[in-house]
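The next block holds one structure in the form of structure tokens; read it before the comments.
Below, all heavy atoms of this structure are taken into account, side chains as well, without hydrogens, waters or symmetry copies.
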Amino acid sequence: MNEERNTPRRRPRKRRSKLQRFLHRYSPSLILVALAVCCVGMVVFTVQTISSLRPQETQPNLDSRPPETTVAPTEDVTAQINALIAQADKLAVTYDYTGAIELLKTFEGFEAQPALTAKIAAYEAEDDKLVAYPDLDSVTHLFFHALIAEPERAFDGDKEETGYNLYMVTIDEFKKIMQSMYDRGFVLVSPYDVAYEVTDENGTRFVYGDIRLPEGKKPFLLSQDDVNYYGYMIGTGNGIDETPVFASTDGDGFASRIVIGEDGYPTCEYMDKDGNVHIGAYDLVPVLEEFIQEHPDFSYHGARAMLGVTGYEGVFGYRTKPGYNVENGGVMTMEDWNAEVEAAKAVAECLREKGWLIASHSYGHPSYGKIEADRVALDSDKWEDTVQYIVGEADIILFPHGSDIHTWRPYTTENKKFNALYEDGYRYFFNVDSKVAWVQIGDTYFRASRRNIDGYRMYHYPERLEDLFDVKEVFDPARPTPVPD
């Protein structure tokens, strides 16, 4: 059966391509050039034919040539080969031996280079050891909110402390969770590895992927909600009106935005209680990035997490909400507002280049399961109008509050909420549940549950996390107890 794997994306508006416009404008000239080339070709062919009729010198017998031997590389060629092997090793350590082999074979004449052929043989041997993970419907999915960078500021007894204690984890807790999962053989994968669309003679439908790992390794998915750095977390105020909130010394110990580091990787900006601004691993993105850099075999084919963003204050800590600028009744000058938008676009591009997946978490964070279909459609359209042009197209939605648009039964076209989201390009739908895993594949979508990893879950239901880590070894002593129920 011939099937073609599809990458789910929104369908762009139809527009003539640059090639079509070029041909329309220059086709008469191109025809004249083609006729001239044909005439020249006929003359050359005639000359060659006449020449071939002349007596030829005796040609050597090709079969008598000595067999090909390996080529001793020059110093420059050796450097090129070593550089190529270094790149291939980075693919191989993520279990992408096929990609590593294909990369080495791009070297012209690789068959005559012992260093390359030996590496290819080694990759092939390791690839043969991989086994297809048999239960992709049991792949667990963890999600986190913003990580607490400075617990003494988050847990300072103010009105926000309870929410932080319930729904957040500290950076120290997150690091220990990742280390435990690494030690237990978990490997981070992409949802596109777990399931994807294919098209064949039977039409288009979703199927499970083919994740191949060493024996004993287990895939898992990871996402973070509200990668927005809301005003109440980094300063004072909630930013819901037309006044943006920026980082201040009143912050509660969270990163204030994602920035691009000097090494070209996404990292975070953080303002301490004295007003000093620091750049570093102050939230999930750079913390996980550093962990993967240290343990590249923790990431399958370079997978990273899904990052869910809302739009009602902006994205990634940048105040990109249109209502903030003066033309829409806000207080920001157009110059300042445009600078926020351009910086957010650069961060989004950097994230995507490094493998992070940007998902919708709705525009205004309503419970999709509790509102009418027309409000779901309105909220989704607003995200598309105000966020998508900054972060790029998204086919993944992380339901706000984990509130799904249907019961556990499959989505159908009779579901108006599903129709609205499907028309907006979504194919991957994630709710929240305490189960280790719950997955549903339809002809046109992939749907699954996520496990909230937070203070509430760790304190009240530690036994439900035993497959991932030991809560006693992870729980941060800076966290106030008892955690509210």
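- Between Asp283 and the options His145, Arg257, Gln224, a side chain to side chain donor-acceptor pair (under 3.5 Å) holds for only Gln224.
- Ring pair Tyr422/Phe418: centre-to-centre distance below 6.0 Å.
- Here the closest heavy-atom approach between residue Asp454 and residue Val169 is recorded as CA-CG1, 3.7 Å.
- For the atom pair NZ of Lys217 and OH of Tyr133, the computed distance is 13.0 Å after rounding to the nearest 0.5 Å.
- Across all non-hydrogen atoms, the minimal contact from Ser360 to Ala394 is N-CB, 4.3 Å.
- To the nearest 0.5 Å, atoms CG (Asp381) and CG (Asp374) are separated by 11.0 Å.
- The line from OH of Tyr428 to OH of Tyr445 is 13.5 Å long, rounded to the nearest 0.5 Å.
- When only modelled atom types and interatomic distance are considered, Asp297 and Tyr182 share a side-chain donor-acceptor pair under 3.5 Å.
- Once rounded to the nearest 0.5 Å, the distance linking CZ of Arg375 with NZ of Lys370 reads 12.0 Å.
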field: Step-by-step salt bridge (charged side-chain N to carboxylate O under 4.0 Å, His left out) determination, Glu372 to Lys416
entry: CA-CA 9 Å; Glu372 298 301 317; Lys416 293 182 180 180; over 6 Å; no
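- A donor-acceptor contact closer than 3.5 angstrom is absent between the side chains of Asn431 and Tyr368.
- Asp226 and Asn228 are not linked by any side-chain donor-acceptor pair at a separation below 3.5 angstrom, with hydrogens and angles left out of the test.
- Side chains of Asn338 and Glu342: a donor-acceptor N/O pair is absent below 3.5 angstrom, by distance only.
- Between Lys175 and Asp476 there is no salt bridge, since none of the side-chain N atoms of the basic residue sits less than 4.0 Å from a carboxylate O of the acidic one.
- Remark: the Ser223 side chain and the Arg450 side chain contain an N/O donor-acceptor pair separated by less than 3.5 Å.
- The closest side-chain donor-acceptor pair between Ser362 and Thr310, if any, does not fall under 3.5 angstrom.
- Looking only at side-chain heavy atoms (C-beta outward), Leu130 and Pro214 come within less than 4.5 Å of each other.
- The shortest side-chain heavy-atom distance between Arg212 and Asp127 falls under the 4.5 Å cut-off.
- A donor atom on one side chain and an acceptor atom on the other are found under 3.5 Å apart for Thr140 and Arg451.
- Side-chain polar atoms of Tyr270 and Glu150 form a donor-acceptor pair below 3.5 angstrom.
- At a threshold of 4.5 Å between non-hydrogen side-chain atoms, the residues Cys350 and Val347 do not count as touching.
- Aromatic ring centroids of His141 and Phe430 lie under 6.0 Å apart.
- Among the candidates Arg409, Arg447, His406, the single residue satisfying the side chain to side chain donor-acceptor pair (under 3.5 Å) test with Gln440 is Arg447.
- Looking at Gln179 and Asp183, their side chains do bring a donor and an acceptor atom within 3.5 Å of each other.
- Considering only heavy atoms from C-beta on, Phe469 comes within 4.5 Å of Val474 through its side chain.
- Listed by first and then second residue, the ring pair (Phe, Tyr, Trp, His ring centres under 6.0 Å) pairs that reach into residues 92-132 come to none, sequence neighbours excluded.
- By the 4.0 Å N-to-carboxylate-O rule, Arg479 lies close enough to Glu173 to be salt-bridged with it.
- Of the charged side-chain nitrogens involved, none lies within less than 4.0 Å of a carboxylate oxygen, so that Asp467 and Arg184 do not count as a salt-bridged pair.
- Side chain to side chain, Asp252 and Tyr164 meet the donor-acceptor criterion of an N or O pair below 3.5 Å.
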